[in-house]
Amino acid sequence: MELFIEHISKQFKDLKAVDDISLQITPGVWGLLGANGAGKTTLMRMIAGIMKPDSGRILYDGIPINEMKDYLEYVSVLKGLTPKDSKRKIDELLDQLTLTHVRNKKIVRLSGGMKRRVGIAQALLNEPEILILDEPTSGLDPGERVRFRNQLSEFAHNRIVLISTHIVSDVEYIATQNAVIKDGKLLAKGTTEELVRMVEGNVWTTQIMMEHLQEYERKLQIVNIRNENDGKISIRYLARQPYTDDSLPASPHLEDLYLWLFPQETTERRE
């Protein structure tokens, strides 16, 4: 099973949303990372066949998806679960997504997070070979997000699961591969371990007095802040060189790489 994206591009008036991207996607969880406006959703829509690229092509097991689409739509109508299998699968998904207690409620009366989980359930219902999810954990609480990530990791065995997100924790530990998009271009691709090497040697920690925080925020790209004793705080920051003599190098995480590549996100998070 292979999804091959070959030099696809998409332009909207003066904006090139996707610019000559190529990817070879194999079974497993793939994280598609990028800031809002990076081109992730446009790419996902083209992979799903909702939107046609201006140039390039997308193939599934060697067949262009535009040639498969009518056939797949026809088969999707014909293919269905038996009533027995349908009930079993629905019960299983309602339990996994903590929706059993609201199974008889109208969707319009559900909370935003519950509506999102119903959408996830319908996507998983027929166990598709390729599952494409755009910001799937929006509206889910932390516990729901953990359960959903674990479920996706299990589901991705011998399947392709492509998750578009700017919430790095959604894919950091479950992604087989990650692709990073910036300004419509493919910036980097690899495992989490491979990608974090790009920011190795640029992540630091130190302790400062709380009253100096604003000064440091003006001069540094601060990723995390933690309160300590005696009016001090620990800061984790990104820089090519240590800003203070007592700064210590820190092991990089995928979030560090993301914020290194998209520094505006650090400011937005803080605000």
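Everything numeric here is computed off the predicted structure, so don't read it as measured data.
- Remark: the Asp134 side chain and the Ser164 side chain contain an N/O donor-acceptor pair separated by less than 3.5 Å.
- Sorted by first and then second residue, the salt bridge (charged side-chain N to carboxylate O under 4.0 Å, His left out) pairs involving residues 227-239 (not counting sequence neighbours) are Arg226-Glu228, Arg236-Asp256.
- Considering only residues two or more places apart in sequence or on other chains, Glu194 meets the salt bridge (Lys or Arg N to Asp or Glu O under 4.0 Å) condition with none of them.
- If you take CD1 on Ile130 and CD1 on Ile160, they are separated by 4.5 Å, rounding to the nearest 0.5 Å.
- Every residue was checked against the salt bridge (Lys or Arg N to Asp or Glu O under 4.0 Å) condition with Lys106, not counting sequence neighbours, and none meets it.
- Side-chain heavy atoms closer than 4.5 Å link hydrophobic residues (I, L, V, M, F, W, Y) into clusters, and following such links, even through other members, never connects Ile132 to Ile167.
- The salt bridge (charged side-chain N to carboxylate O under 4.0 Å, His left out) pairs that include a residue from residues 27-37 number zero, where partners must be two or more places apart or lie in different chains.
- Here salt bridge (charged side-chain N to carboxylate O under 4.0 Å, His left out) pairs that include residues 143-170, with residues two or more places apart or in two chains, are Arg117-Glu144, Glu127-Arg159, Arg145-Asp170, Arg149-Asp170.
- In this structure, Leu59 belongs to a hydrophobic cluster whose other members, linked by side-chain heavy atoms under 4.5 Å apart, are Phe4.
- Asn178 and Thr191 share no side-chain donor-acceptor pair at under 3.5 Å.
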Discussion item. One pair to check against side-chain contact (heavy atoms from CB on, under 4.5 Å): Ile225 and Glu217. What are the steps and the verdict?
Written reply: CA-CA 11 Å; Ile225 299 169; Glu217 284 181 329; 4.0 Å; yes
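- Of the inter-residue distances, the one linking Leu33 atom CG with Leu257 atom CG reads 8.5 Å to the nearest 0.5 angstrom.
- Taken together through direct or relayed side-chain contacts under 4.5 Å among Ile, Leu, Val, Met, Phe, Trp and Tyr, Tyr243 and Ile222 form part of one hydrophobic cluster.
- Hydrophobic clustering (side-chain heavy atoms under 4.5 Å, transitive across Ile, Leu, Val, Met, Phe, Trp, Tyr) groups Met51 together with Leu186.
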Item to complete: Begin with the C-alpha distance, continue with both residues' side-chain angles, and end with the deciding distance and a verdict on side-chain contact (heavy atoms from CB on, under 4.5 Å) for Leu152 and Leu131.
Response: CA-CA 10 Å; Leu152 281 185; Leu131 183 61; 3.9 Å; yes
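- Sparse packing is recorded around NZ of Lys52, with 12 or fewer heavy atoms of other residues, nucleotides or ligands lying under 6.0 Å away.
- Applying the side chain to side chain contact (heavy atoms under 4.5 Å, CB included) test to Asp54 and every residue at least two apart in sequence or in another chain returns Lys10, Gln11.
- When the side chains of ILVMFWY residues are joined at heavy-atom separations under 4.5 Å, either directly or via intervening members, Val29 and Phe155 end up in a single hydrophobic cluster.
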Practice prompt. Go through the steps for Leu187 and Ile181 under the test side-chain contact (heavy atoms from CB on, under 4.5 Å), then give the verdict.
Written response: CA-CA 5 Å; Leu187 204 63; Ile181 294 180; over 6 Å; no
Worksheet item: Glu135 and Lys40: side-chain contact (heavy atoms from CB on, under 4.5 Å), yes or no, with the steps?
Response: CA-CA 10 Å; Glu135 304 288 354; Lys40 304 188 305 298; 3.8 Å; yes
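- Partners of Glu129 according to the side chain to side chain contact (heavy atoms under 4.5 Å, CB included) rule, which considers only residues two or more places apart in sequence or in another chain, are Met1, Tyr60.
- Closest approach of Val196 to Leu254, counting heavy atoms only: CG1-N, 3.5 Å.
- Across Leu195 and Ala188, no two heavy atoms sit closer than the pair CD2-CB, 3.7 Å.
- To the nearest 0.5 Å, atoms CD (Gln221) and CG (Leu238) are separated by 4.5 Å.
- When all heavy atoms of Ile58 and Met46 are compared, the pair lying nearest together is CD1-O, 3.4 Å.
- For an aromatic pair to be called close, the ring centres must be under 6.0 Å apart, and Tyr216 with Tyr237 fails this.
- Salt-bridge formation is detected for the pair Lys219/Glu215: a Lys NZ or Arg NE/NH1/NH2 atom is positioned less than 4.0 Å from an Asp or Glu carboxylate oxygen.
- By the 6.0 Å contact criterion, CG on Asp183 is open, its count of non-hydrogen atoms from other residues, nucleotides or ligands being 12 or less.
- The side chain to side chain donor-acceptor pair (under 3.5 Å) pairs that include a residue from residues 21-31 are Glu2-Gln24, His7-Ser22, where partners are two or more places apart or lie in different chains.
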Quick one: side chains of residues 202-213, donor-acceptor pairs under 3.5 Å with protein atoms, not counting sequence neighbours, listed by atom name and distance.
unit_1, atom_1, unit_2, atom_2, d
Trp204, NE1, Ala239, O, 2.9
Thr206, OG1, Asp246, OD1, 3.0

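- By the salt bridge (Lys or Arg N to Asp or Glu O under 4.0 Å) test, Lys185 is found to be paired with Asp19, residues two or more places apart in sequence or in another chain being considered.
- The two residues Ala17 and Thr42 make their nearest non-hydrogen contact at CB-OG1, 3.8 Å.
- Scanning both residues, Val180 and Leu261, for their nearest heavy atoms gives CG1-CD1, 3.8 Å.
- When all heavy atoms are compared, the tightest approach of Pro136 to Phe148 is CB-CE2, 3.6 Å.
- Hydrophobic cluster membership is shared by Met198 and Val223, with clusters built from Ile, Leu, Val, Met, Phe, Trp and Tyr side chains linked at under 4.5 angstrom.
- In this structure Arg103 satisfies the salt bridge (Lys or Arg N to Asp or Glu O under 4.0 Å) test together with Asp91, sequence neighbours excluded.
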